[in-house]
Amino acid sequence: MTVGIPIRRLWPEPSTQPLDDAALTALYGRADKPRLRMNFVASLDGAVTVDGYSAGLSGEPDKRVFGLLRMVCDALVVAAGTLRHEGYRAVRLNERRRAWRRANGLAEYPTLVVVSGSLDLDPAQAAFADAPTRPVVLTHADADPPPGLTDVADVLRCGAERVDLAAGLAELHRRGLTQLLCEGGPHLFGALTAADLVDELCLTVSPLLAGPGPGRITAGDAAPPRHLPLRHVLAAEDGVLLLRHARP
Ligand SMILES: NC(=O)c1ccc[n+]([C@@H]2O[C@H](COP(=O)([O-])OP(=O)(O)OC[C@H]3O[C@@H](n4cnc5c(N)ncnc54)[C@H](OP(=O)(O)O)[C@@H]3O)[C@@H](O)[C@H]2O)c1
């Protein structure tokens with residue numbers, strides 16, 4: 001079934017027909033080994049937000065792929081900054097997407113994994129309080145959880161004074177969560193890049209000049225450049241580009 005604004009493949013092998021959800025799912029899919037996939041939306045001139053939020057960059061094609069990426073993952077990893085700022089709610093999938101997960105032997109919903117050094121988290125936030133699957137909070141040994149957090153989430157400690165992201169991902173893999181989708185934000189992406197843990201970037205390019213001011217999709221300390229080859233280019237009829245870059 002094709003819904004909304006048509007999306008076609010430009011590269012490789014251009015498609016004349018719009019891609020339905022089954023075709024898009026096949027293009028993004030799951031890997032046969034552990035994988036960390038990042039998903040971001042940016043403006044043409046590289047902004048990560050408009051008026052402080054990602055919503056001004058996103059449209060129906062981006063939301064459609066965003067939902068499909070959530071559908072195919074085991075865990076949805078997000079930094080505490082983005083969780084707080086964007087007011088993350090509980091992960092929800094419609095019945096069609098839950099049915100796809102059941103048919104593919106997956107849990108009904110992906111597990112939310114929140115990365116935080118400070119544990120400045122609100123257990124009453126819907127992302128925790130209404131979660132259909134108990135979330136995981138990835139932090140370090142020195143962090144003190146606020147009252148109530150351990151009632152609504154598993155607190156996983158990796159690293160002494162700061163989060164050891166490589167150890168954290170390895171522990172998620174050990175728990176059977178191997179297909180990881182990370183929705184940012186920029187500081188977490190920067191740290192994951194620095195640790196050379198990023199296998200894939202799905203980037204939506206919005207046909208918009210946001211102008212000076214907003215940050216980029218990555219932030220934090222400098223890290224060596226990493227080459228990430230292009231895998232596909234999709235275009236939506238409203239001028240949005242959907243790029244997938246992944247390690248060989
Ligand atoms: N365009 C997009 O696709 C997109 C996607 C996501 C976010 N955004 C935007 O990005 C902005 C948020 O960016 P941000 O700079 O706040 O970045 P962020 O990476 O979302 O959040 C930073 C916070 O997350 C936690 N964190 C991140 N990396 C960590 C690490 N390696 N170890 C331990 N904790 C870590 C820390 O939380 P604690 O303070 O709890 O220690 C840190 O203060 C918002 O404006 C949001 O709208 C845009």
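This structure is a prediction, so every number in the text was calculated from the model and none was measured. Order of listing sets the numbers, starting from 1, for every ligand and every atom in it.
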**Student:** For ligand 1, is any non-hydrogen atom under 4.0 Å from Glu86's backbone (N, CA, C, O), its side chain (CB onward), both, or neither?
**Tutor:**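 For Glu86, the contact with ligand 1 is made by the side chain alone.
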**Student:** For Pro18, does its backbone N or O pair with a side-chain atom of Arg9 as donor and acceptor, under 3.5 Å?
**Tutor:** no
**Student:** Using a 4.0 Å heavy-atom cut-off, which part of Ile217 comes near ligand 1: side chain, backbone, both, or neither?
**Tutor:** neither
**Student:** SG of Cys158 to CG of Leu138: how many Å apart, nearest 0.5 Å?
**Tutor:** 5.5 Å
**Student:** What part of Val163 sits under 4.0 Å from ligand 1 if we count only heavy atoms: the side chain, the backbone, both or neither?
**Tutor:** side chain
**Student:** For Asp199, run the salt bridge (charged side-chain N to carboxylate O under 4.0 Å, His left out) check against Arg37, Arg247, Arg231 and tell me which one passes.
**Tutor:** Arg247
**Student:** Does a side chain donor of either Thr82 or Glu183 reach within less than 3.5 Å of an acceptor in the other side chain?
**Tutor:** no
**Student:** Determine whether the side chain, the backbone, both or neither of Val48 has a heavy atom under 4.0 Å from any heavy atom of ligand 1.
**Tutor:**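 It is both backbone and side chain that touch ligand 1.
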**Student:** Check for a donor-acceptor pair, side chain of Arg8 on one end and backbone N or O of Thr16 on the other, with a separation under 3.5 Å.
**Tutor:**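 Side chain of Arg8 to backbone of Thr16: a pair is present.
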**Student:** Is the shortest distance from a Lys or Arg side-chain nitrogen in Asp196 or Arg226 to a carboxylate oxygen in the other one below 4.0 Å?
**Tutor:** yes
**Student:** Taking 4.0 angstrom as the limit, do Lys63 and Glu60 come out as a salt bridge?
**Tutor:** no
**Student:** Relative to ligand 1, is His85 under 4.0 angstrom through side chain, backbone, both or neither, heavy atoms considered?
**Tutor:**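 Answer for His85: side chain.
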**Student:** Suppose we measure from atom 19 (O) of ligand 1 to each protein heavy atom; which comes out shortest, and what is that distance?
**Tutor:**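 For this ligand atom, the closest protein heavy atom is Leu188 N, 2.9 Å.
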**Student:** Pull out every atom of ligand 1 sitting under 4.0 Å from any heavy atom of Arg84, numbered as shown with elements.
**Tutor:** 37 (O), 38 (P), 39 (O), 40 (O)
**Student:** With heavy atoms only and a cut-off of under 4.0 Å, state how Ser116 meets ligand 1: side chain, backbone, both or neither.
**Tutor:** both
**Student:** Which of the atoms of ligand 1 are close to Glu183, meaning less than 4.0 Å from one of its heavy atoms?
**Tutor:**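 Taking each heavy atom of Glu183 in turn, ligand 1 has 5 (C), 6 (C) under 4.0 Å.
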**Student:** Hey, does Leu57 come in under 3.5 Å of ligand 1, counting only N/O atoms on both sides?
**Tutor:** no
**Student:** Which ligand 1 atoms, with their elements, are less than 4.0 angstrom from a heavy-atom of Gly52?
**Tutor:**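 Within the 4.0 Å cut-off of Gly52, ligand 1 contributes 45 (O), 47 (O).
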**Student:** How far is atom 35 (C) of ligand 1 from the closest protein heavy atom, and which atom is that?
**Tutor:**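 Nearest neighbour among protein heavy atoms for atom 35 (C) of ligand 1, to 0.1 Å: Val115 CG1, 3.9 Å.
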**Student:** Nearest heavy atom to atom 34 (N) of ligand 1: which of Gly117, Gly184, Gly215 does it belong to?
**Tutor:** Gly117
**Student:** Heavy atom of Ala219 under 4.0 Å from ligand 1?
**Tutor:** no
**Student:** Could you list which atoms of ligand 1 come closer than 4.0 Å to a heavy atom of Thr49?
**Tutor:** 9 (C), 45 (O), 47 (O)
**Student:** Is the shortest distance from a Lys or Arg side-chain nitrogen in Arg157 or Asp142 to a carboxylate oxygen in the other one below 4.0 Å?
**Tutor:** no
**Student:** Quick test of your reading of the structure: of Val41, Leu121, Asp51, whose heavy atom lies closest to atom 1 (N) of ligand 1?
**Tutor:**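 It is Val41 whose heavy atom sits nearest to atom 1 (N) of ligand 1.
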**Student:** In terms of atom number and element, which parts of ligand 1 are under 4.0 angstrom from non-hydrogen atoms of Ala191?
**Tutor:** 31 (N)
**Student:** Going by side chain to side chain contact (heavy atoms under 4.5 Å, CB included), Val205 matches just one of Leu44, Leu242, Val233, Val41. Which one?
**Tutor:**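 That would be Leu44.
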